Amino acid sequence: MSSTYKRAGVTGDLHHPGRWIALTVLVLAVLLVAVDATVLGLATPFLSEDLEPTGTQLLWIGDVYSFVIAGLLVSMGSLGDRIGRKKLLLTGATAFGAVSVLNAYASSPEMMILARALLGVAGATLMPSTLALIRNLFHDPRERSLAVGIWGAMASAGAAVGPVVGGLLLEHFWWGSVFLINLPVMAVLVAVGIKMIPESKNPAPGPWDLTSVGLSLVGMIGVVYAIKEAAAHGVGWENVVAAVGGLLALTWFVRRQLKLPAPLLDMRLFHHRGFSGAVLADLLTILGLSGIVFFLSQFLQLVQGRGPLEAGLAELPAAVGAVTAGLLAGRVARRYSVRSVVAVGLGAIGVSLAVVTVIHKETGYPLIGVLLLVVGIGAGFAFTVTSDVILSSVPKEQAGSASAVSETAYELGAALGIALLGSIVTGVYKGFGTPEGIPAAAATAAHESLGGAVETAEHLPAHQGSELVVAAQEAFVNGLRVSAAVGAVVLLATAVAAWFLLRGQRLEDGIIPDE
């Protein structure tokens, strides 16, 4: 007879047959999203040369994907709870592959921004579905911790596979090819997932409230847009209108959820201190980290002169550290404590970012490699444990909503990190002094982005081009240092906050068997 379990009033099979095979398919979706996020950084110099985006357009290309995902994750997680997480996952994977083709063949900055936004819509269906399905496939807490660790490890593996495969493609093909690698992954996911992934949903979900969907989307995008524009160009009336509109929409969203008999997001989840603490830790960690990661590929290529493949290989230590730590995180957290593992992991990232403030053009790779390894280990421990805490804090019927909150924190942090820290890099960069004799049009193009400066220098006399590139590289590195300092402060403060917010939080040790 199959074993059964009982927790929070839920009874069911303890061991779902084929759960590990199903997990293998689910992590392909994680790989899909992670690969797409990482290859963009490597492709940015080539994309800049071909599409010639302005500095602001380049930031939009980098962060609009995360903006849209952040605005739709809660809605999509709730939709999966209602119509079926498997159905939503496979539909989203198909759309993700199709829209990747549109990204690959974008012919203007505006078209690229639109394509990235549509990719965000498809991506919003994938991540909450995978975590929610893991919550329903693995009822034993120790197995679930391992499954979440594998899920996180594959996300990190995607971060490794993306730059390496992307770099290999960029050595031989045009930048659009980095998006086409999504297609075979999508095909395998859909073909195998149809047969191997069991369907799951909330048996009594209630209606999907479209008003709440609109409020969530408008509110999130309004607030994030306002922050981004204020960081890049200063506070103006447009920013204020967007911020006020976004905050009003989010306030209305929260009030509506508290009144609806079947809310899009059950706000009572946030009454759980461990849940709230884990979500906050995810958001602030990614905020402090993502802006640096986004510009690291440009540093390796445009400042240190590495090729795309070499730059991709140079970033491998972060993925190796994250994969290793993710697989060990559940065991370590049970032996010591949740708060110590999360706080130490975040602290390690913060210290590493503080060291980034002293790097320069001639900094040797051993130091960069060690920093990336430490960052990966810290992130692997912290994210795996917080994801486990979030999943184990709610009944399985609400797994989609809880997963969506977790992923919203992640994507919102990524968007804000690129917007705020990226804007710091851009702001410092634009202030560099142009060497004498540079034509005004060339100077203007060079101040838009480092990629623009390198491209502009190729059309100038050798000595002028060299002086322009050196000045631009120095300004870029200065911006990177300032951004890393801000990120370090955010990460170290988050480590302290996590120590207190996760006090007494424990991962479950086992299942309460039915009598």
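Owing to the predicted nature of the structure, the values given are computational and were not obtained by experimental measurement. Positions are given from 1 along the sequence.
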Which atom of [X] lies closest to which atom of [Y], heavy atoms considered:
| X | Y | answer |
| --- | --- | --- |
| Ala243 | Val223 | O-CG2, 4.3 Å |
| Leu189 | Ala93 | CD2-CB, 3.8 Å |
| Leu260 | Ser212 | CD1-OG, 3.8 Å |
| Ser108 | Leu51 | N-CD2, 3.7 Å |
| Ala281 | Leu346 | CB-CD1, 4.4 Å |
| Leu126 | Gly92 | CD2-C, 3.8 Å |

Between [X] (side chain only) and [Y] (backbone N and O only), is there a donor and an acceptor less than 3.5 Å apart?
| X | Y | value |
| --- | --- | --- |
| Asn103 | Phe179 | no |
| Ser352 | Ala348 | yes |
| Thr125 | Ala122 | yes |

Got a second to check how far [X]'s [atom1] is from [Y]'s [atom2], nearest 0.5 Å?
| X | Y | atom1 | atom2 | result |
| --- | --- | --- | --- | --- |
| Asp209 | Ser75 | CG | OG | 9.5 Å |
| Leu90 | Arg85 | CG | CZ | 14.0 Å |
| Ile221 | Leu72 | CD1 | CG | 6.5 Å |
| Leu183 | Phe96 | CG | CZ | 10.5 Å |
| Ile83 | Thr91 | CD1 | OG1 | 6.5 Å |
| Thr386 | Leu502 | OG1 | CG | 8.5 Å |

### Message
Can you confirm whether more than 12 heavy atoms, excluding those of Phe173, are under 6.0 Å from its CZ atom?
### Response
no
If you define the side chain from C-beta out and look only at heavy atoms, does anything of [X] sit under 4.5 Å from [Y]?
| X | Y | answer |
| --- | --- | --- |
| Leu215 | Leu250 | no |
| Leu217 | Phe253 | no |
| Phe381 | Ile349 | no |
| Met112 | Tyr105 | no |
| Leu283 | Val279 | no |
| Leu102 | Met111 | yes |

### Query
Run the side chain to side chain contact (heavy atoms under 4.5 Å, CB included) check on Trp20 and Ile150 step by step: do they pass?
CA-CA 10 Å; Trp20 294 108; Ile150 294 172; 4.1 Å; yes
### Task
Walk me through it: do Leu26 and Leu89 pass the test side chain to side chain contact (heavy atoms under 4.5 Å, CB included)?
CA-CA 9 Å; Leu26 290 176; Leu89 174 70; 3.6 Å; yes
### Task
Dump the intermediate steps for side chain to side chain contact (heavy atoms under 4.5 Å, CB included) on Arg116 and Leu119, then the final yes or no.
CA-CA 5 Å; Arg116 294 287 293 169; Leu119 201 64; 3.8 Å; yes
### Task
Given side chain to side chain contact (heavy atoms under 4.5 Å, CB included), test Val27 with Thr130 step by step and report yes or no.
CA-CA 7 Å; Val27 297; Thr130 58; over 6 Å; no
### Task
Report the residues that fulfil side chain to side chain donor-acceptor pair (under 3.5 Å) with Thr384, sequence neighbours left out, ordered by chain and then residue number.
none
